[in-house]
Structures are given as C-alpha cells and as structure tokens.
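Heads up: the structure comes next, in structure tokens.
So you know, we letter chains A, B, ... as the sequences are listed, proteins then strands, and number each from 1.
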Number of protein chains: 2
Amino acid sequence: MARTGRPREFDRDKALDAALTLFWAQGYEPTSLNQLKARMGNISPASFYAAFGSKEALFREVVQRYLETYGQVTAPLWDETLAPRDAIEQTLRRSARMQTDRSHPPGCLIVLGGCNCAPENLSVQALLATERERSRRGIRACVERAVACGELAALPTTETLPVLFTAFLHGMACEARDGDGAATLDAAVTTLMQVWDGLAVKPGLFSAADRLS
Amino acid sequence: MARTGRPREFDRDKALDAALTLFWAQGYEPTSLNQLKARMGNISPASFYAAFGSKEALFREVVQRYLETYGQVTAPLWDETLAPRDAIEQTLRRSARMQTDRSHPPGCLIVLGGCNCAPENLSVQALLATERERSRRGIRACVERAVACGELAALPTTETLPVLFTAFLHGMACEARDGDGAATLDAAVTTLMQVWDGLAVKPGLFSAADRLS
DNA sequence: AAGCTTCCATACTAATCAGTCCGGAAGTGG
DNA sequence: CCACTTCCGGACTGATTAGTATGGAAGCTT
C-alpha cells in the first residue's frame, strides 16, 4: 500500500541518530522529551508521538539501532569460524576502540544507559540487562567451545573465565567514560588475554601463533 | 554551646542510612524527594531541608558515609604494610563480597550512582568520578610499589596493569547488579590475579612481557 | 482541481519535580 | 513560669515532566 498524504518534514533516520547520541551521553531517564525534540530537529510533540509513539518506544528503537551498528563489535562472539580465543580478543579490542571513539559519547549504551532507573522504568533496565546477558552467554559459549576442542581444561575455566571477561568488558564502559583512551584499554586487553594463555592446555605453545588480530 | 529548642523527632542517622540505601538502589537523579522523605520516616519538607540542606547536599553526605563504611573495602590499597599484590587482591575480594551482600543493594554506589545525569547535575557525576579516580590511583600506586621493590618489571606493567585491575573492579559493579554472586566474582578474582603472577619478575620468563604490542 | 490523508504549530492537560514559607507546637535554659 | 529556640504539618511556589487535543496547512492520488 503506497503512502499517501503529506510527508513528514524531518528525517526520521537522522532524528533517531540524534536521539541515540543523546541517550548514549545521558542515559534514559534524565533525557527529557524537550531535549530530544530539540536535538531531533525542533520537531513538535505531535510529530514526535506520531513518529515514535512514546519515550520508551523511542529508546527501544534506539537500542535496536545501537545493537545493529556500534554493538556489532561483539559479533565475533557468535562467529564460529573464529577460534574461541580470537573471538573474545577481537570483541574486547573492538569494544575498546569503539567505546573510546571520539565521534560519539564514550562508553557503552547497553551498560550505562539504564543504570539509574526509578521503579516505573524498570522495564528499560531489564531491556539492557537482557542484552548484557546476551554478551555474557556469547563469551561463555566461546569458552565452552575452547574446552570442547581441548584448548582449555574444563574446570575451573568454564565457570570463572566468562565472568572475568564479562566484568572487564563491562568495566571498560566505566573507564572509557572516565577518560581512558583506546590505546590504554587495548593494552589492558593484551594483558588480560595472558590469562587465557596461562590456562591453555599446552602452555605457551600456541599463544604466539594465535596472536594474529 | 549546648543545644536548645525542640529536638528533632526523627533519627538523622537512620534517615541518612535510608537515603543511602535508596540512592544506592536507584542512583541520584531518579530518586525523588518524595521517595526520600517517605523512606526517611515520613519527614516533612521543612524537616528535610533543615536537616540536610538540599538533595545534592544529602547525596554528598551519603557518599561520604558510603566511603567511610562500605567503601572501606578498598582501604588495603593504601595500606603500605601489605605487599602490593596482597593489597590489590584483598581489595578485589572484599569488593566482590561487599557488592554482592544481600543486606543492601547490589553493586557499587560510586560506580553506579551517577551514571545517568542531566547537564545540571554534572557536579554529582564529577564527585563520583573523583572517587573512582582515587581507587585508580591507589591501584597504580600498588603496582608502582611492586615495580620499585623489584617484584614486577617496570614496563609495560606500570601502564597497563592498573587499567586492567581498575576496569575489572568497576566492572564487578555491573555484574553484581546483574545477579552474579560473591563466590562467582571471587573466583574471577582468583583467575585475574594470575596475570600478576605471570608478570612477576621471579619466574625468569620474559616471554609474557615481550608479547605486548 | 477535488478530495482525502497525513503532518505540524500551538495550546493545553495532570502530575511531579526540587524547594519555600508560615504559623503553631514542642522542648529548652533561666 | 517565662522567653527563647527549634521543629514540623501543610499549603504553596514556579518549573518541568510525559503526553493530548485541535485546527489548519501541505502534499498525494485520482
């Protein structure tokens, strides 16, 4: 069915990007509709609600877009053509670079966007928690894959390695916002990956060859 | 000068604790004065402002109390009678236990309390950032102490180890809020500390240090 | 151009935000 | 007891919150 009637005057896509930037910088709750409408091209309340439904619906759409773009830095976690170790290393390095890129707010929207929520907005907090859980499971899957192919011993790595890498991944959001640069975080990733090598079944044998990122 | 006049009816100390719990769970901005007054014993606005000055002043006092109590888990960082490695390990383990204790909200007030701030509340964000910077410097001081006493090689550890440990420390706040338990985080600390041991000068294996880009 | 559909500017809710003011009540020290 | 100090209940401020209603303008299809 073709679209009839007067077309909207603002660029919905650009408006969504503006909202993304604003939510990224401030988080869900303190970002007001007035701020949003202003940044989205001085659109009117009527236009806003016609195009996006509500503040929460807009935020869900923003999160979706974030996951499809910036959030793709974690995609290696689900790429089974990569060696498990490389998948995790690439995820961490790409996250470090992305979160510190100066073309957008520092840190990670999924980690920081819904930290401070009143009871009425718990659904927003839950939405982001679900996405964090996804990363957590992705990391765990990599570790389990490494165990399955004999690269790591089963215990205790299957339990603790995912927690360690996930905590670091999420912690980078805080460090990036506090001003750490890409090189700084990347060096920390290098150091962290030595934990993997230290736990590898054949100590040190493959570590040099695996570092081809 | 002795205190004259009608004494206040509510317990200022208990009220401060109630405010601490509320700010801890929700963060600064979404916590409203109505919520605060209700939890602080149904006190009136007049009583609130007479006792605490303003919402921000109350928050600063809450942060102060937090640092003097729960925040003391990081005290080992400045205890020079401890070996540097032990200071960091104890800090991480005590943080893990504290942040997951079910007698209060999960996570860390300093990391999570001011994540989402509107422009007008940037001072609150800055207050917490300053405290995080304090931990960061404490960790760095431990690493430098280890280098000074010959336990670690100077480069590249002085630059990267503090970043790694700090990111993990702050990342635990996210994991604790997402439901990780004390044992889970503690095991991750154990694994993380292997990085330190791998970089220790003693073993004579410089391969690890040489692998940095 | 006719008729229909959609958009948008403006004015407007009702609720909540942090914070103030006042006048009476309740204790204190002398 | 008196005078003084402090506290507190409740009404109130102006600003801001997310979201609505209305009516005219603009553009598409025929």
Side-chain angles (χ1 to χ4, degrees), chain A residues 1-16 18-19 22-23 26-62 113-114 116-125 127, chain B residues 1-16 18-19 22-23 26-62 113-114 116-125 127:
Chain A
M1 184 150 71
R3 174 187 197 80
T4 75
R6 176 180 175 182
R8 75 164 54 88
E9 286 177 3
F10 66 94
D11 184 333
R12 192 180 188 282
D13 224 53
K14 280 194 166 67
L16 195 59
L22 202 49
F23 278 130
Q26 301 187 349
Y28 177 74
E29 200 142 337
T31 300
S32 73
L33 286 190
N34 279 339
Q35 273 184 307
L36 285 167
K37 290 179 311 191
R39 294 277 201 101
M40 293 163 88
N42 278 314
I43 66 179
S44 72
S47 306
F48 177 88
Y49 284 97
F52 298 104
S54 73
K55 183 184 174 185
E56 181 173 339
L58 170 65
F59 185 73
R60 300 187 107 91
E61 209 169 325
V62 157
N116 303 148
C117 274
E120 74 243 33
N121 291 319
L122 284 183
S123 58
V124 165
Q125 212 167 25
L127 167 72
Chain B
M1 183 147 74
R3 173 183 198 79
T4 75
R6 175 180 174 181
R8 79 162 53 86
E9 286 177 2
F10 66 95
D11 185 332
R12 192 182 189 281
D13 224 53
K14 280 193 166 68
L16 195 60
L22 203 49
F23 277 130
Q26 301 188 348
Y28 176 73
E29 200 142 334
T31 300
S32 73
L33 285 191
N34 278 339
Q35 273 184 306
L36 285 166
K37 290 178 311 192
R39 293 276 202 104
M40 293 163 88
N42 279 313
I43 65 180
S44 73
S47 305
F48 177 89
Y49 284 97
F52 298 104
S54 73
K55 183 185 174 183
E56 182 173 340
L58 170 64
F59 186 73
R60 300 188 108 90
E61 208 169 324
V62 157
N116 303 148
C117 274
E120 73 242 33
N121 291 319
L122 283 182
S123 58
V124 164
Q125 212 167 25
L127 167 71

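At whole-Å resolution of the value, CG in A:N42 and P in C:dA9 are 9 Å apart. Distance CG (B:L36) to P (C:dG19): 11 Å, rounded to an integer number of Å. For the pair A:D11 CG and C:dC8 C1', the computed distance is 17 Å after rounding to whole Å. Here C:dA18 presents its C1' atom at 14 Å from CE of B:M40, a figure rounded to the nearest Å. Taking atom NZ of residue A:K37 and atom C1' of nucleotide D:dT17, one finds them 10 Å apart after rounding to whole Å. When the P atom of D:dA18 is taken as reference, atom CG of A:N121 falls 10 Å away, rounded to whole Å. Taking atom OH on A:Y49 and atom P on C:dT10, their separation rounds to 18 Å, with Å as the unit. For the pair B:I43 CD1 and D:dT6 P, the interatomic distance rounds to 18 Å; values are reported in whole Å.
Nearest to the side chain of B:P45, among C:dG19, D:dT6, C:dC8, sits C:dG19. Checking D:dT20, D:dT5, C:dC8 against the side-chain heavy atoms of A:E9 singles out C:dC8 as nearest. The B:R6 side chain lies nearest to C:dA25 when the options are D:dG19, C:dA25, C:dA18.
Contact annotation for B:F52: no contact, since no heavy-atom pair falls under 4.0 Å across all strands. Contact annotation for A:S32: backbone-only contact, meaning every heavy-atom pair under 4.0 Å involves sugar-phosphate atoms and none involves a base. Heavy atoms of A:A50 sit nowhere under 4.0 angstrom from any nucleic acid atom.
Applying the 4.0 Å criterion to OP1 and OP2 of D:dT16, one finds that A:N34 has every side-chain N and O outside that range. Considering only side-chain N and O atoms, A:S47 lies under 4.0 angstrom from the phosphate OP1 or OP2 of C:dC8. In this structure, A:S44 does not reach the C:dC8 phosphate: none of its side-chain N or O atoms is under 4.0 Å from OP1 or OP2.
Note: A:Y28 and A:F23 have parallel aromatic rings, judged against thresholds of 30 and 60 degrees for the angle between ring planes.
By the 6.0 Å contact criterion, CZ on A:R60 is enclosed, its count of non-hydrogen atoms from other residues, nucleotides or ligands being greater than 12.
Between B:P7 and B:E56, the residue anchored closer to the 5' end of DNA chain C is B:E56, taking for each the nucleotide with the nearest heavy atom.
The existence of a salt bridge linking B:E61 and B:R12 is confirmed by a sub-4.0 Å separation between a basic side-chain nitrogen and an acidic carboxylate oxygen.
Shortest non-hydrogen contact noted between A:T31 and A:K55 is O-NZ, 2.9 Å.
In this structure, A:R8 satisfies the cation-pi test against A:F10, with its NZ or CZ atom closer than 6.0 Å to the six-membered ring centre and inside 45 degrees of the ring normal.
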